[in-house]
Amino acid sequence: MKEWTFVVFIYLLVVNIVGYQLMVIDKKRAVRQRYRIPERKLFLTAWLGGALGVLTAMYNKRHKTQHATFTAGIPFILLVNIFVFGFILIRFG
């Protein structure tokens with residue numbers, strides 16, 4: 001595995017773990033009626049490559065699944081992530 005490919009893989013792993021954890025934390029805060037993580041931060045994390053982590057947490061934790069912006073937006077962002085990072089890996093990896 002080339003260095004560049006490894007760096008992209010580690011980046012995607014970290015940003016998806018962060019996305020998953022943000023959703024888990026937001027779910028816990030929602031249940032306890034505490035201060036919530038802004039939706040724009042969750043979407044930003046998804047746009048930065050963490051869409052798979054956010055989507056996984058959405059359905060594992062049943063969080064934000066009633067919001068059309070999440071049920072349609074996060075899968076769309078995941079497709080964009082796949083194309084962008086796929087292009088990066090093919091072109092530069």
Side-chain angles (χ1 to χ4, degrees):
M1 185 181 309
K2 294 182 180 179
E3 286 180 36
W4 182 252
T5 306
F6 184 71
V7 169
V8 171
F9 174 76
I10 295 299
Y11 170 78
L12 288 172
L13 181 66
V14 169
V15 76
N16 278 286
I17 290 170
V18 168
Y20 188 91
Q21 289 300 318
L22 284 174
M23 289 291 282
V24 169
I25 291 166
D26 191 53
K27 172 67 175 189
K28 287 180 182 179
R29 289 180 180 180
V31 169
R32 295 179 183 145
Q33 297 182 349
R34 303 272 192 223
Y35 177 76
R36 305 282 300 279
I37 295 172
E39 289 184 358
R40 66 176 121 51
K41 185 178 279 190
L42 299 172
F43 274 106
L44 177 62
T45 304
W47 278 113
L48 293 174
L52 183 60
V54 171
L55 186 67
T56 303
M58 265 178 61
Y59 290 102
N60 280 349
K61 302 300 178 180
R62 295 185 181 149
H63 186 53
K64 303 273 189 197
T65 56
Q66 300 298 313
H67 296 255
T69 54
F70 276 84
T71 57
I74 298 299
F76 172 75
I77 295 170
L78 177 59
L79 288 175
V80 173
N81 283 180
I82 290 168
F83 285 116
V84 168
F85 287 100
F87 175 78
I88 289 170
L89 289 173
I90 289 169
R91 179 72 174 108
F92 302 107

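The chain is numbered in sequence order, starting from 1.
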>> Tell me whether Tyr20 shares a hydrophobic cluster with Met58, the cluster being built from Ile, Leu, Val, Met, Phe, Trp, Tyr side chains joined at under 4.5 Å.
In response: no
>> Tell me every residue that passes side chain to side chain donor-acceptor pair (under 3.5 Å) with Lys64, counting only those two or more places apart in sequence or in another chain.
In response: Glu39
> How many angstroms lie between CD in Gln21 and OG1 in Thr45, if you round to the nearest 0.5 Å?
Replying inline: 12.0 Å
> Apart from Val7 itself, which Ile, Leu, Val, Met, Phe, Trp or Tyr residues share its cluster (side-chain heavy atoms under 4.5 Å, direct or through members)?
Replying inline: none
>> Quick check: closest heavy atoms across Leu42 and Val54, and the distance to 0.1 Å?
In response: O-CG2, 4.1 Å
>> Hydrophobic clusters here meaning ILVMFWY residues chained together by side-chain heavy-atom distances under 4.5 Å, can you tell me if Val31 and Tyr35 are in one?
In response: no
> Quick one: OG1 on Thr71 to OH on Tyr59, what's the gap to the nearest 0.5 Å?
Replying inline: 5.5 Å
>> Surrounding CZ of Phe76 (heavy atoms of other residues, nucleotides or ligands, distance under 6.0 Å), is the total greater than 12?
In response: no
>> Within the structure provided, determine whether Thr5 and Leu89 are in side-chain contact (heavy-atom separation under 4.5 Å).
In response: yes
>> So, taking the atom named NZ in Lys61 and the one named CD1 in Ile25, what distance separates them when rounded to the nearest 0.5 Å?
In response: 11.5 Å
> Who pairs with Arg34 by side chain to side chain contact (heavy atoms under 4.5 Å, CB included), at least two apart in sequence or on another chain?
Replying inline: Arg29, Arg32
Donor-acceptor pairs under 3.5 angstrom involving side-chain atoms of residues 11-19: please list them, not counting sequence neighbours.
residue: Tyr11; atom: OH; partner: Leu48; partner atom: O; Å: 2.5
residue: Asn16; atom: OD1; partner: Leu52; partner atom: N; Å: 3.2
residue: Asn16; atom: OD1; partner: Gly53; partner atom: N; Å: 2.7
residue: Asn16; atom: ND2; partner: Leu12; partner atom: O; Å: 2.7
residue: Asn16; atom: ND2; partner: Gly49; partner atom: O; Å: 3.1

>> Testing the basics here: between Ile77 and Ala46, what is the closest heavy-atom pair and its distance to 0.1 Å?
In response: CG2-O, 3.4 Å
>> Within this structure, what is the NZ-CD1 distance for the pair Lys28 and Ile37, rounded to the nearest 0.5 Å?
In response: 11.0 Å
> According to a 4.5 Å side-chain heavy-atom criterion applied to Ile, Leu, Val, Met, Phe, Trp and Tyr, with indirect links allowed, do Ile10 and Trp4 form part of one hydrophobic cluster?
Replying inline: yes
> If you group Ile, Leu, Val, Met, Phe, Trp and Tyr by side-chain heavy-atom gaps below 4.5 Å, do Phe92 and Val84 land in one group?
Replying inline: yes
> Once you round to the nearest 0.5 Å, how far does CG of Asn60 lie from CZ of Arg62?
Replying inline: 9.5 Å
> For the residue pair Ile74 and Ala51, what are the closest heavy atoms and their distance?
Replying inline: CG2-O, 3.7 Å
>> Using the salt bridge (Lys or Arg N to Asp or Glu O under 4.0 Å) criterion, which residues pair with Arg36? Sequence neighbours excluded.
In response: Asp26
> According to the interplanar angle, ranging from 0 to 90°, do the rings of Phe70 and Phe43 count as parallel (below 30°), tilted (30 to 60°) or perpendicular (above 60°)?
Replying inline: tilted
>> According to salt bridge (Lys or Arg N to Asp or Glu O under 4.0 Å), does anything in residues 47-60 pair up with another residue at least two apart or in another chain? List the pairs.
In response: none
